[in-house]
Amino acid sequence: MANDPTRDTPTRLLDAARREFATYGIAGARVDRIAEQAAANKQRLYSYFGSKEQLFSKVLAAAYRDLSERVPVPTTREDLEQYVGQVFDYHRRDPSLVRLLAWEGLHYGDAEIPGEEERHAYYLNKNEALREALSLTSPQEVGHLLMTLIGIASWPFVVEQQRRLMAGLVAGSEDGWDQLRASLTAYGSAVINTRVTECAAHPESDPESESDPV
């Protein structure tokens, strides 16, 4: 697929880089191997993307666009109830995004990342949509909820060995996968219900509901 001549060179490079980075991380990935898999050369790669770090940033941006198309931001409470299951299904089909994010965290830690403004805008869009869907006012509270739901859905694909050891899930066990998905979706719904109920019962704890001091 990476060598398909009907696709343009940047697309072939991005696809090959996604596989390479998901497998080896930023430090371990090799530009010559990416170029070879894309039927291109290193000079062409650098002319398009500038550096290996910038290429990694573009790979992640493309992965996020794909996620957004396949799993749209929930805009209603009913959509949000299905969100964990949908994200789980996406990562089960292709776990490369969670692997890329894990490598990014190991490489950069809490330092600023290339393309940070674009990523921040992506999460702000999700935050605003969820605030409207849940009738919440605190972006911090919605951010905590979003991080929790994404963690529930994606963690089994970050630590595959724990998934096998803790849940006894082995390759080809469709019943096991269905049970895991159902459990995680139920936990996600419980988190949503708990947080929405608490925020409705204690609106004074919402930092945005308090007036600014004079």
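- Under a cut-off of 6.0 angstrom, the local environment of CZ in Arg77 is crowded, with over 12 non-hydrogen atoms contributed by other residues, nucleotides or ligands.
- Counting only heavy atoms from C-beta outward, the side chains of Tyr122 and Leu67 approach each other to under 4.5 Å.
- For the atom pair OH (Tyr123) and OH (Tyr64), the distance works out to 2.5 Å, reported to the nearest 0.5 Å.
- Nearest heavy-atom pair across Tyr83 and Pro74 is CD1-CG, 3.5 Å.
- Between Glu20 and Gly28, the shortest heavy-atom contact is OE2-O, 4.4 Å.
- Here the closest non-hydrogen pair linking Ala17 and Val59 is CB-CG2, 3.6 Å.
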Next on the checklist: Assess the residue pair Leu169 and Arg164 against the criterion (side-chain contact (heavy atoms from CB on, under 4.5 Å)); give the C-alpha distance rounded to whole Å, side-chain angles, the decisive distance to 0.1 Å, and a yes or no.
Outcome noted: CA-CA 5 Å; Leu169 193 58; Arg164 175 175 53 82; 5.8 Å; no
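- Enclosure of atom CD in Glu174 by more than 12 non-hydrogen atoms of other residues, nucleotides or ligands within 6.0 angstrom is indicated.
- In terms of modelled atom types and a separation under 3.5 Å, the side chain of Lys52 and the main chain of Ile26 share a donor-acceptor contact.
- For the atom pair CG of Leu13 and OH of Tyr46, the computed distance is 11.5 Å after rounding to the nearest 0.5 Å.
- For Glu36 and Arg30, the salt-bridge test fails: no basic side-chain N is under 4.0 Å from an acidic carboxylate O.
- Residues Phe56 and Ile113 are not in side-chain contact: their nearest non-hydrogen atoms beyond the backbone lie 4.5 Å or more apart.
- Summarising the local packing, NZ of Lys58 is surrounded by 12 or fewer heavy atoms from other residues, nucleotides or ligands at distances under 6.0 Å.
- A donor-acceptor contact shorter than 3.5 Å links the side chain of Asn193 to the backbone of Ser189.
- Residues Asp8 and Arg12 have side chains not in contact (no heavy-atom distance under 4.5 Å, counting atoms from C-beta outward).
- Residues Val84 and Leu184 come closest through the heavy atom pair CG1-O, 3.6 Å.
- Counting non-hydrogen atoms of neighbouring residues, nucleotides and ligands closer than 6.0 angstrom, the CD atom of Glu132 reaches no more than 12 such neighbours.
- The two residues Gln86 and Arg181 make their nearest non-hydrogen contact at N-NH2, 3.9 Å.
- Val98 and Val159 fall within a single hydrophobic cluster, where Ile, Leu, Val, Met, Phe, Trp and Tyr side chains are chained together by heavy-atom contacts under 4.5 Å.
- Within 6.0 Å of the CD atom in Glu116, the count of heavy atoms belonging to other residues, nucleotides or ligands exceeds 12.
- Residues Leu145 and Gln140 fail the side-chain proximity criterion, which asks for heavy atoms closer than 4.5 Å.
- Residues Leu180 and Arg163 are in side-chain contact: their nearest non-hydrogen atoms beyond the backbone lie under 4.5 Å apart.
- A salt bridge links Glu104 to Arg119: one of the charged nitrogens lies within less than 4.0 Å of a carboxylate oxygen.
- With rounding to the nearest 0.5 Å, the separation of CE in Met147 from CD1 in Ile152 is 12.5 Å.
- No more than 12 heavy-atom neighbours from other residues, nucleotides or ligands sit within 6.0 angstrom of OH on Tyr187.
- A single hydrophobic cluster is seen to contain both Val158 and Leu146, as judged by linkage of ILVMFWY side chains at heavy-atom distances under 4.5 Å, directly or through other members.
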Item to check | Steps toward side-chain contact (heavy atoms from CB on, under 4.5 Å) verdict (Leu14, Leu55) | outcome: CA-CA 8 Å; Leu14 285 171; Leu55 174 60; 4.1 Å; yes
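- Across all non-hydrogen atoms, the minimal contact from Pro10 to Phe49 is O-CZ, 4.0 Å.
- Here Arg70 pairs with Asp66 in a salt bridge; the nearest charged N to carboxylate O distance falls below 4.0 Å.
- Put simply, CG on Leu136 and CG on Leu130 are 9.0 Å apart, with the number rounded to the nearest 0.5 Å.
- Here the CG-CD distance, from Asp32 to Gln37, works out to 10.5 Å after rounding to the nearest 0.5 Å.
- A salt bridge is defined here as a Lys NZ or Arg NE, NH1 or NH2 lying under 4.0 Å from an Asp or Glu carboxylate O, and Asp94 with Arg18 meets this definition.
- In this structure, the side chains of Leu80 and Thr76 stay at 4.5 Å or more apart for every pair of heavy atoms.
- By the criterion of side-chain heavy atoms lying less than 4.5 angstrom apart, applied directly or through intervening Ile, Leu, Val, Met, Phe, Trp or Tyr residues, Tyr90 is grouped together with Trp155 in one hydrophobic cluster.
- Here Phe21 contributes atom CZ and Ser96 contributes atom OG; the two are 12.5 Å apart, rounded to the nearest 0.5 Å.
- In this structure, Phe88 has its ring center closer than 6.0 angstrom to the ring center of Phe157.
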